[in-house]
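In what follows, a structure is listed as structure tokens, so that the remarks can point back to it.
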Amino acid sequence: MNFDSLRIFVKVVEKQNFSRAAEELNLSQPAVSLHIRNLEEEFDTSFIIRSPKHVRVTRAGELFYQKAKQILYAVDETRLELQALKQEVSGLLSLGASYTIGEYFLPKQLVMYTKEYPKVQTQVKINNTREIIEALIDEKIDVGLIEGSISSSDVDVQVFMEDQLVLLVPNDHSLARKKVATQADLENQVWIFREFGSGTREQSDQIIQELGIQVKRYYEFSSSQAVKEAVMAGLGLSIVSGLIAKREVFLKECKALAISSNSHKRLFSLITKKGRPKSRAAQFFEDMILQSPELEQQSKR
């Protein structure tokens, strides 16, 4: 039995006529008759009773017709799924990421993504969280990766990672010998902050407010790297993501402390615009971020 014979049999039953079936299939009538005869011989039963004007289907033929349609439907569905697997993912993928994620997390993820989908051309916009949300709503980017909170009803939010916040201090600071900084330790210090609109700034302001800390003086910088450089130069203290401080702490260029007795964590989220259709490139990127085993391990640290 082959699938061509099944298709021919189904067409004959539906048209109730060999000639009309042959015409639609672009075959000769003898060729159609031969396929039907071969099927009947293979299953050792009669499926069709022939007459000069039309054909009549036997009970066995009715059963075989229903089964043949199910088989052909499954074959066509499988063929489409296999074609989709072989279809190359290509086109433009426009991403937006807040500074911490864009500079210290996203590059490694893009290495994995581009190995899997080399035909996708990727553009990355790095800015603070507020700007990334606005770019997404204005459809200037397809997917955003942000830190901090979001309240827009136009945006779908999916958390993909938990980030630990730490206190970064210069090596020669009086707090550098401690592992945990208390509220009293943080009173009247000089601080290094990110700019307003940054997810890190939102979190550091919240922690300082919760602890009721008096800020002696502060400086603002619009990049995480500048914040780290300012701390290492001895300009002041800063609350940063443990992700961005990992290299400098490992190299003993500065110290990272826990803040008070609480575990100060924040969420990293993937955002997309509600109701906007997703390209295959965007959907596969989203799936990679949300399902990556590496992220699960990182979020448990």
Side-chain angles (χ1 to χ4, degrees), residues 93-118 120-136 140-150 155-168 192-195 197-204 207 221-229 231-232 238-251 253-254 256 263-272 281-301:
L93 174 62
S94 182
L95 303 174
S98 57
Y99 282 103
T100 298
I101 297 173
E103 293 176 344
Y104 298 94
F105 169 80
L106 183 57
K108 291 182 180 179
Q109 307 308 310
L110 286 178
V111 169
M112 294 187 290
Y113 182 79
T114 54
K115 283 182 179 178
E116 187 72 22
Y117 309 110
V120 176
Q121 180 184 347
T122 307
Q123 294 178 347
V124 180
K125 175 185 179 68
I126 298 179
N127 213 319
N128 65 41
T129 292
R130 183 184 299 170
E131 295 291 334
I132 296 303
I133 294 170
E134 290 177 1
L136 181 78
K140 295 178 180 177
I141 59 173
D142 302 312
V143 181
L145 302 174
I146 63 166
E147 59 216 63
S149 60
I150 179 172
V155 176
D156 284 321
V157 182
Q158 300 180 82
V159 173
F160 67 87
M161 186 175 167
E162 198 174 61
D163 181 42
Q164 179 71 54
L165 294 168
V166 298
L167 180 72
L168 204 64
I192 313 297
F193 292 139
R194 283 286 307 279
E195 80 286 1
S198 156
T200 301
R201 177 61 179 271
E202 177 187 342
Q203 293 293 319
S204 59
I207 291 171
F221 290 91
S222 61
S223 81
S224 299
Q225 187 61 40
V227 168
K228 289 191 296 182
E229 293 292 339
V231 171
M232 289 187 292
S238 187
I239 295 173
V240 301
S241 162
L243 189 65
I244 77 163
K246 187 181 298 183
R247 179 179 180 276
E248 286 77 10
V249 171
F250 176 77
L251 295 175
E253 296 176 342
C254 55
S263 178
H264 295 283
K265 296 182 179 181
R266 62 175 176 176
L267 302 177
F268 286 169
S269 302
L270 182 147
I271 59 173
T272 52
Q283 185 62 64
F284 288 149
F285 176 80
E286 180 178 326
D287 292 344
M288 184 197 74
I289 292 296
L290 297 177
Q291 299 173 12
S292 172
E294 288 80 4
L295 296 186
E296 292 180 9
Q297 293 171 6
Q298 206 165 351
S299 65
K300 292 176 182 177
R301 292 172 187 166

- Item | Closest non-hydrogen atom pair, L93 against V120 | CB-CG1, 3.7 Å
- Minimum side-chain heavy-atom gap D163-F105 below 4.5 Å: no
- Item | Non-neighbouring partners of F284 that pass ring pair (Phe, Tyr, Trp, His ring centres under 6.0 Å), sequence neighbours left out | Y117
- Task: For residues F250 and R247, determine if any side-chain heavy atom of one lies less than 4.5 Å from a side-chain heavy atom of the other.
- Result: no
- Task: Verify side-chain contact (heavy atoms from CB on, under 4.5 Å) between L165 and K265, making sure each step is shown before the conclusion.
- Result: CA-CA 6 Å; L165 294 168; K265 296 182 179 181; over 6 Å; no
- Message: Working to the nearest 0.5 angstrom, can you tell me the gap between I271 CD1 and I146 CD1?
- Response: 4.0 Å
- Would you say R266 has more than 12 foreign heavy atoms packed within less than 6.0 Å of its CZ? yes
- Working to the nearest 0.5 Å, report the span between OG of S269 and CD of Q158. 9.0 Å
- Atom CG in L145, atom CE in M161: separation rounded to 0.5 Å? 11.0 Å
- Message: For a 4.5 angstrom cut-off between non-hydrogen side-chain atoms, does K246 reach Y104?
- Response: no
- Main-chain N/O of A281 paired to Y113 side chain as donor or acceptor, under 3.5 Å: yes
- Query: With sequence neighbours left out, what residues match E202 under salt bridge (charged side-chain N to carboxylate O under 4.0 Å, His left out)?
  - Reply: none
- Looking only at atom types and distance, does a side-chain atom of N127 sit under 3.5 Å from a main-chain N or O of I132, one as donor and one as acceptor? no
- With rounding to the nearest 0.5 Å, note down the distance linking CZ in F268 to CG in L243. 5.5 Å
- Item | Under the salt bridge (charged side-chain N to carboxylate O under 4.0 Å, His left out) test, residues paired with R201 that sit two or more places apart | D205, E220
- Item | From CA spacing to verdict: side-chain contact (heavy atoms from CB on, under 4.5 Å), V124, L110 | CA-CA 10 Å; V124 180; L110 286 178; 3.8 Å; yes
- Between the side chains of E147 and S98, is a donor N or O closer than 3.5 angstrom to an acceptor N or O? yes
- Message: Any side-chain to backbone donor/acceptor pair from S238 onto I192? Under 3.5 Å, distance only.
- Response: yes
- Minimal non-hydrogen separation, L136 against G144, with atom names: CD1-N, 4.3 Å
- What are the two closest non-hydrogen atoms of L168 and V231, and how far apart are they? O-CG1, 3.7 Å
- Message: I'd like to check the side chain to side chain contact (heavy atoms under 4.5 Å, CB included) partners of V166; sequence neighbours left out, ordered by chain and number.
- Response: Q164, V240, A256
- Positive for side chain to side chain contact (heavy atoms under 4.5 Å, CB included) with L95, one of I141, T122, I126: T122
- Message: Nearest 0.5 angstrom please: H264 NE2 to Q203 CD, how far?
- Response: 10.0 Å
- Item | Minimum heavy-atom distance between S222 and R194, given as atom pair plus value | C-NE, 3.8 Å
- Donor-acceptor under 3.5 Å (K228 side chain, I244 main chain): yes
- Message: Check for me whether the distance between the ring centres of F221 and Y99 falls short of 6.0 Å.
- Response: no
- Message: Going by the rule side chain to side chain contact (heavy atoms under 4.5 Å, CB included), which residues pair with E229 if we only count those two or more places apart in sequence or in a different chain?
- Response: Q225, M232
- When every non-hydrogen atom of T129 is compared with those of G199, the smallest separation belongs to OG1-N, 3.6 Å
- Message: So which atom in G102 and which in P107 form the shortest heavy-atom distance, rounded to 0.1 Å?
- Response: O-CD, 3.3 Å
- Message: What's the separation between atom OG1 in T200 and atom CZ in F193, rounded to the nearest 0.5 Å?
- Response: 12.0 Å
- Query: Can you list the residues that meet the salt bridge (charged side-chain N to carboxylate O under 4.0 Å, His left out) rule with E286, with sequence neighbours excluded?
  - Reply: K278
